[in-house]
Amino acid sequence: MNVDKIMNNLERKHPGEVEYLQAVKEVLESIEEVYNENPQFESANIIERIVEPDRVIAFKVPWIDDEGNVRINLGYRVQFNNAIGPYKGGLRFHPSVNLSILKFLGFEQIFKNALTTLPMGGAKGGSDFDPKGKSNAEVMRFCQSFMLELWKYIGPETDVPAGDIGVGGREIGYLYGMYKRLKGEHTGVLTGKGSNWGGSLIRPEATGYGGIYFAQDMLKAKNETLAGKTISISGFGNVAWGAALKATELGAKVVTISGPDGYVYDPDGVSGKKIDYMLELRASNQDIVKPYSYVFEGVEFHEGKRPWEVKVDIALPCAIQNELDGDDARALINNGVMLVAEISNMGCTPDAVEEFQKHNILFAPGKAVNAGGVATSGLEMTQNSMKLRWNAAEVDSRLHEIMSNIHGQCVKHGMRADGLVDYVKGANVAGFLKVANSMLDMGVI
Ligand code: 2IT
């Protein structure tokens, strides 16, 4: 495999799609060796087939705001690869959303979903709609208009969307309501549903919980535990909330959360009712964390800054792609960080990853660490298919088992000669082998 040649070719075909090209390059570099050892992949031209989505659906989403103005957003669904199961992946509503970002997320999702051990292909979708400052009625009208187009392309055995940034329980409710009305069916077409109408217990917590289970396994290899460790978390949404809950339960102290406005440093730890308060912050639709510093005592707010300047044992990016760069990585390393695990998708820039690896800091990528979210979506699909419901302990124990299995796959394929684990390589190789071998089985499709 000639990675440079493939990348040059892709850059020519998709100029300016920086996030997508970044995600592809990372995967190609880490699978190069295993790819070259298996000439059957080259004969079937697996690389050219796997880096392009099966299809990209793009549409216009007109809606009317509370003042009666007609507003237009862009909507997308990128159905990337369904070799191992129906397309599966979240919807992101955020002003930064564009095709490059959804293609990177859809591409990552293929390998992440393969790691979960469950039968799910990779997809992603969303819109440049900005939920910030919108009323419930506006969010509902937007979601209804979005689904009026999307419903034609999805289904419980075809493509099963879920939430991501800007799409939580409220949005899934509005989207599901419209699908149900259009199709006249109550099925498992979306995950992250309300627990009264087909949603799985533990799904809201799952991404954060899974990330912490994964970090626990990484620490175990070094005879370490989470107890007594200080942790910096970025973001304050669903993922950050779940991670803070589980980390605190296991005896660690979370000292930061952040938003687009800056970060808060809480030396006493974000715990108990302070974690509940994260839900209130999110429900306010303002996309800021500063109010946390007025509500609780002894808290500093650092305007316009990222939390990576704080001295901690463990750093967990939980917000958005490329939120931790080379300078942030060097600051964390100088402050003695021992473990960095991306709970956001591609949270670290390539130079940050390189810094961590160069300094032998335990580092694991989002597609392994945050797979607990989509894995629990898979468990929601299972429950919907069986038309029954597991209790929280059952779902949580399956989630935990899946995360340990993913950790095991990373160790198996990422073990280096010096005994340290390259989790980036391990995750990419394990995910790739499963999907590529499935594609070979099915011929040129
Ligand atoms: O990035 C992700 O894995 C998600 N946003 C969850 C996707 C899902 O289908 O639950």
Side-chain angles (χ1 to χ4, degrees), residues 19 23 76-82 84-94 97 101-127 150 154-156 158-169 171-172 175-176 188-194 198-211 214 235 237-243 317-321 323 341-347 364-384 395 398-399 402-403 406 427 431:
E19 294 86 1
Y76 304 93
R77 186 71 178 164
V78 179
Q79 296 180 330
F80 226 110
N81 185 299
N82 65 352
I84 66 168
Y87 300 109
K88 179 85 195 89
L91 297 171
R92 175 176 292 189
F93 292 170
H94 191 268
V97 162
I101 288 180
L102 296 181
K103 280 172 67 181
F104 119 64
L105 289 163
F107 183 71
E108 293 273 296
Q109 200 82 43
I110 307 172
F111 307 103
K112 183 197 306 194
N113 293 4
L115 290 171
T116 66
T117 71
L118 302 173
M120 300 182 290
K124 203 82 187 192
S127 173
L150 185 69
I154 61 175
T158 314
D159 183 356
V160 183
D164 191 83
I165 295 170
V167 179
E171 290 74 18
I172 293 292
L175 291 163
Y176 190 81
V189 68
L190 297 175
T191 59
K193 298 186 290 297
S200 177
L201 295 173
I202 305 294
R203 178 65 190 88
E205 294 86 349
T207 312
Y209 277 23
F214 195 93
N238 176 258
V239 175
W241 167 78
C318 291
I320 201 160
Q321 68 275 353
E323 56 172 313
E342 293 177 336
I343 313 191
S344 49
N345 289 308
M346 205 166 78
K367 62 171 79 68
V369 179
N370 74 26
V374 72
T376 307
S377 279
L379 299 176
E380 183 168 322
M381 290 164 72
T382 309
Q383 293 168 79
N384 293 162
V395 180
R398 287 177 186 269
L399 165 64
I402 288 170
M403 295 315 299
I406 297 173

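Below, all heavy atoms of this structure are taken into account, side chains as well, without hydrogens, waters or symmetry copies. Because the structure is a prediction, the values reported are computed rather than measured. If you read the sequence from its start, that first residue is 1, and numbering goes on from there. Each ligand, and each atom within it, is numbered from 1 in the order the structure gives.
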*In terms of residue, atom name and distance, what is the protein heavy atom nearest to atom 9 (O) of ligand 1?*
Lys88 NZ, 2.7 Å
*asked:* Measuring from non-hydrogen atoms of Arg92 to any atom of ligand 1, is the shortest distance under 4.0 Å?
replied: no
*Between the main-chain N or O of Gly122 and the side-chain N or O of Gln109, is there a donor-acceptor pair closer than 3.5 Å?*
no
*Is the side chain of Arg77 donor-acceptor paired with the backbone N or O of Gly126 at a distance under 3.5 Å, no angle test?*
no
*Look at atom 6 (C) of ligand 1 and say which protein heavy atom is nearest, naming residue and atom and giving the distance to 0.1 Å.*
Arg203 NH2, 3.5 Å
*Identify the closest protein heavy atom to atom 10 (O) of ligand 1: which residue and atom is it, and at what distance?*
Ser377 OG, 2.5 Å
*What part of Asn345, side chain from CB on, backbone N/CA/C/O, both or neither, has a heavy atom under 4.0 Å from ligand 1?*
side chain
*Donor-acceptor side-chain pairing of Gln79 and Asp159 below 3.5 angstrom*: yes
*Under 3.5 Å, is there a donor-acceptor pair between the side chain of Glu380 and the main chain of Lys193?*
yes
*Minimum-distance protein heavy atom relative to atom 7 (C) of ligand 1*: Gly90 N, 3.5 Å
*Would you find a donor on one side and an acceptor on the other, under 3.5 Å apart, between the side chain of Thr376 and the backbone of Gly372?*
yes
_Only heavy atoms of Lys124, strictly under 4.0 Å: list the atoms of ligand 1 that pass._
1 (O), 2 (C), 4 (C), 5 (N)
*Can any side-chain N or O of Asn238 pair as donor or acceptor with the backbone N or O of Pro204 at less than 3.5 Å?*
yes
*Which atoms of ligand 1 have any heavy atom of Ala162 under 4.0 Å away?*
8 (C), 9 (O), 10 (O)
*asked:* Looking at Gly168, is its backbone amide N or carbonyl O close enough to the side chain of Glu171 to form a donor-acceptor pair, meaning the two atoms are under 3.5 Å apart?
replied: yes
*For atom 3 (O) of ligand 1, which protein heavy atom lies nearest, and how many Å away is it?*
Lys112 NZ, 2.7 Å
*asked:* With a 3.5 Å distance limit and no angle check, can you tell me whether Asn113 reaches the backbone of Gly121 through a side-chain donor-acceptor pair?
replied: yes
*Could you tell me whether some N/O pair between Gln109 and ligand 1 is separated by less than 3.5 angstrom?*
yes
*Contact between Gly163 and ligand 1, counting heavy atoms under 4.0 Å?*
yes
*At the 4.0 Å heavy-atom cut-off, does Met120 count as touching ligand 1?*
no
*With the side chain counted from C-beta on, respond yes when Val167 and Pro161 share a heavy-atom pair under 4.5 Å apart, and no when they do not.*
no
*Tell me which protein heavy atom sits closest to atom 5 (N) of ligand 1, plus the residue, atom name and distance to 0.1 Å.*
Asp164 OD1, 2.9 Å
